[in-house]
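The shown structure was predicted, so the numbers you read here are calculated from the model rather than taken from an experiment. Computed over heavy atoms, backbone and side chain alike; hydrogens, waters and symmetry mates excluded. Naming convention: chains lettered A, B, ... in sequence-line order (proteins, then strands); numbering from 1 in each chain.
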There are 2 protein chains.
Amino acid sequence: MPQENSQTSAKRPKITRGQVIAAVDTLGQGIANGTYPQGSTLAIEQELAASLGVGRNALREAVKVLSGKGLISTAPRSGTKIRPMSDWNMLDPDVLRWHADPETASPEFMLDLIELRQIIEPRAAALAAERATKADLAEILAAYEDMANTEADKQEHLEADIRFHTAVLKASHNRVLSHFRYAISTYLRAHVKLGKEQSKSINNDDLERHHKIAWAIASGQSKTAYQLTEEMLQTNRLHFKEEA
Amino acid sequence: MPQENSQTSAKRPKITRGQVIAAVDTLGQGIANGTYPQGSTLAIEQELAASLGVGRNALREAVKVLSGKGLISTAPRSGTKIRPMSDWNMLDPDVLRWHADPETASPEFMLDLIELRQIIEPRAAALAAERATKADLAEILAAYEDMANTEADKQEHLEADIRFHTAVLKASHNRVLSHFRYAISTYLRAHVKLGKEQSKSINNDDLERHHKIAWAIASGQSKTAYQLTEEMLQTNRLHFKEEA
DNA sequence: GTTTACATTTAATGTGATTAATGATAATTT
DNA sequence: AAATTATCATTAATCACATTAAATGTAAAC
């Protein structure tokens with residue numbers, strides 16, 4: 001349910017129902033951005049914690065969800081504590097979203113995400129070139145078309161970009177690999193929100209590269225797909241680094 | 001808390017306290033192995049669901065945790081349903097553990113995990129060769145020593161093996177990459193539980209390879225570390241395939 | 001003086017019941 | 001026939017109470 005929210009949060013600023021998921025989101029964000037520092041204890045029982053505007057029981061359910069994501073540990077008498085960052089499930093969609101919040105995200109984490117992309121996506125593209133079905137190809141090509149047609153609208157262009165990379169991952173036909181769509185979309189969203197205004201020429205190069213990648217996958221050239229994806233991410237990284 | 005349990009579950013068969021985490025585990029396993037088929041609705045309100053031996057409130061918290069892991073969706077009137085497998089967070093430690101349960105795990109999923117290892121680990125080893133600190137190296141070498149000294153005890157050998165790969169990932173100094181330790185340890189545990197008895201010569205080769213990898217990382221030879229890790233996983237895969 | 005044993009205390013966990021909101025289905029009306 | 005309304009089953013949320021378990025402090029014993 002939380003990641004359901006992560007998709008629609010942009011369109012639904014107000015959450016009328018679902019106190020517990022609101023509490024999960026607020027607490028998760030607070031933990032990620034350091035409002036609740038690591039090692040500190042949260043006084044659940046106190047009404048203070050219920051200052052989130054939810055009842056005690058809803059808060060408890062929220063704490064349980066966050067425990068499941070590794071953000072919190074609970075033990076009698078010692079209280080509910082914030083666990084050290086090395087313990088949270090960085091691959092959880094929600095944790096990724098909170099931790100990559102443009103307001104507070106550390107540049108190091110962004111670089112970690114780029115590194116992950118550089119490792120995952122070229123191989124995923126190569127696998128896609130070997131295994132993509134016609135339906136997969138249709139999705140990839142449709143996403144590319146959307147990218148080409150939405151160069152004016154930044155938001156729409158971003159969504160199409162995410163669709164493109166998601167479709168490639170899906171075409172790899174590896175159930176685990178496909179789940180990196182969350183990490184990638186989180187990175188892309190944070191990237192644009194950080195105001196990385198790219199020049200028109202760079203954008204054109206980027207679009208051109210996506211076209212070549214789609215073509216390589218469609219024609220089954222796995223090695224080419226690998227190399228093109230690697231190049232795309234390399235320039236992406238350089239571009240990020242020189243600004244950071 | 002759940003992944004805390006995943007570590008100690010072998011040593012603590014009985015869970016005296018923590019009804020909700022017991023419910024999470026039981027339900028999670030049940031969903032993963034198909035006891036509760038995808039798309040089916042769970043009757044929470046009914047005492048039937050409380051046949052797990054826990055109260056309604058604990059069950060509700062368990063449902064929330066599983067929602068957070070993408071296994072379940074809840075909506076008024078339509079009920080709480082099991083989401084399609086493509087929606088679960090396959091990278092969550094608990095979900096991995098449930099889904100890779102040797103009793104019911106599909107061979108395809110095991111192959112997906114090997115494929116993931118082939119993508120991640122060589123690059124992680126290469127990064128470790130570039131970035132490992134002395135403390136990291138000490139951990140890797142200690143894990144190797146443990147592997148060499150526990151060839152008699154299969155269980156201890158497995159734990160040392162897991163420590164080795166975890167240490168390499170940690171030495172990559174990428175906060176996201178490090179979290180693949182769960183996927184890798186899950187795979188390794190499932191692999192040995194599936195009764196993949198390896199001949200003594202293969203085991204010796206494997207140990208020898210770990211030694212070479214540790215040496216390559218210690219001496220900063222990233223390319224060698226990459227290739228050796230790739231080879232190790234390649235033979236691993238072949239070995240798995242010929243039995244599957 | 002140090003350690004062990006026990007009782008106390010405090011916060012989390014578990015249970016049950018009740019009320020409110022939500023959304024899908026069915027029925028009614030235009 | 002389409003649209004609006006009414007109904008009803010189910011989740012969501014909160015309250016109040018009982019239980020459990022661990023940390024602290026006190027006292028006794030070595």
(message) Pairing donors with acceptors under 3.5 angstrom, does anything connect the side chains of A/Asp161 and A/His165?
(response) yes

(request) Note the angle between the end axes of the helix from C/dG1-D/dC30 to C/dT30-D/dA1, five pairs defining each, rounded to 10 degrees. (result) 20°

(message) Rounded to whole Å, please give me the gap between NZ in A/Lys64 and P in D/dA13.
(response) 16 Å

(request) Scan side-chain atoms only and decide if A/Thr133 and A/Asp136 contain a donor-acceptor pair under the 3.5 Å cut-off. (result) yes

(message) What is the separation between atom CD1 on B/Ile21 and atom C1' on C/dG14, rounded to the nearest whole Å?
(response) 14 Å

Distances for protein N or O near nucleotides 7-9 of chain D N or O, under 3.5 Å:
residue : atom : partner : partner atom : Å
D/dA9   : O4'  : B/Arg77 : NH1          : 2.7

(message) Any non-hydrogen side-chain atom of A/Glu108 less than 4.5 Å from a side-chain atom of B/Arg175?
(response) yes

Give me, pair by pair, the N or O atoms of the protein and of nucleotides 14-16 of chain D that are less than 3.5 Å apart, along with how far apart they are.
residue : atom : partner : partner atom : Å
D/dT14  : OP1  : A/Gly55 : N            : 3.1
D/dT14  : OP2  : A/Gly55 : N            : 2.7
D/dC15  : N4   : A/Asn57 : ND2          : 3.3

(message) Regarding B/Asp87 and B/Lys69, does a basic nitrogen lie under 4.0 Å from an acidic carboxylate oxygen?
(response) no

(request) Check the side chains of B/Thr35 and B/Asn33 for a donor-acceptor pair under 3.5 angstrom, ignoring hydrogens and angles. (result) yes

(message) Looking at C/dG23, I'd like to know if its phosphate oxygens (OP1 or OP2) sit under 4.0 Å from a side-chain N or O belonging to B/Ser78.
(response) no

(message) Strictly below 4.0 Å: does B/Thr80 bring a side-chain N or O up to OP1 or OP2 of D/dT10?
(response) no

(request) Tell me, please, which residues at least two apart from A/Asp112 pass side chain to side chain donor-acceptor pair (under 3.5 Å). (result) none

(request) Please determine if A/Glu156 and A/Arg163 form a salt bridge, counting it only when a charged side-chain N lies under 4.0 Å from a carboxylate O. (result) no

(request) Return the set of residues passing side chain to side chain donor-acceptor pair (under 3.5 Å) with B/Thr41 (not counting sequence neighbours), or none when no residue passes. (result) none

(message) Which residues pass the side chain to side chain donor-acceptor pair (under 3.5 Å) test with A/His179, not counting sequence neighbours?
(response) none

(message) Tell me whether B/Arg189 is salt-bridged to B/Glu159, with the criterion being a basic N under 4.0 Å from an acidic carboxylate O.
(response) yes

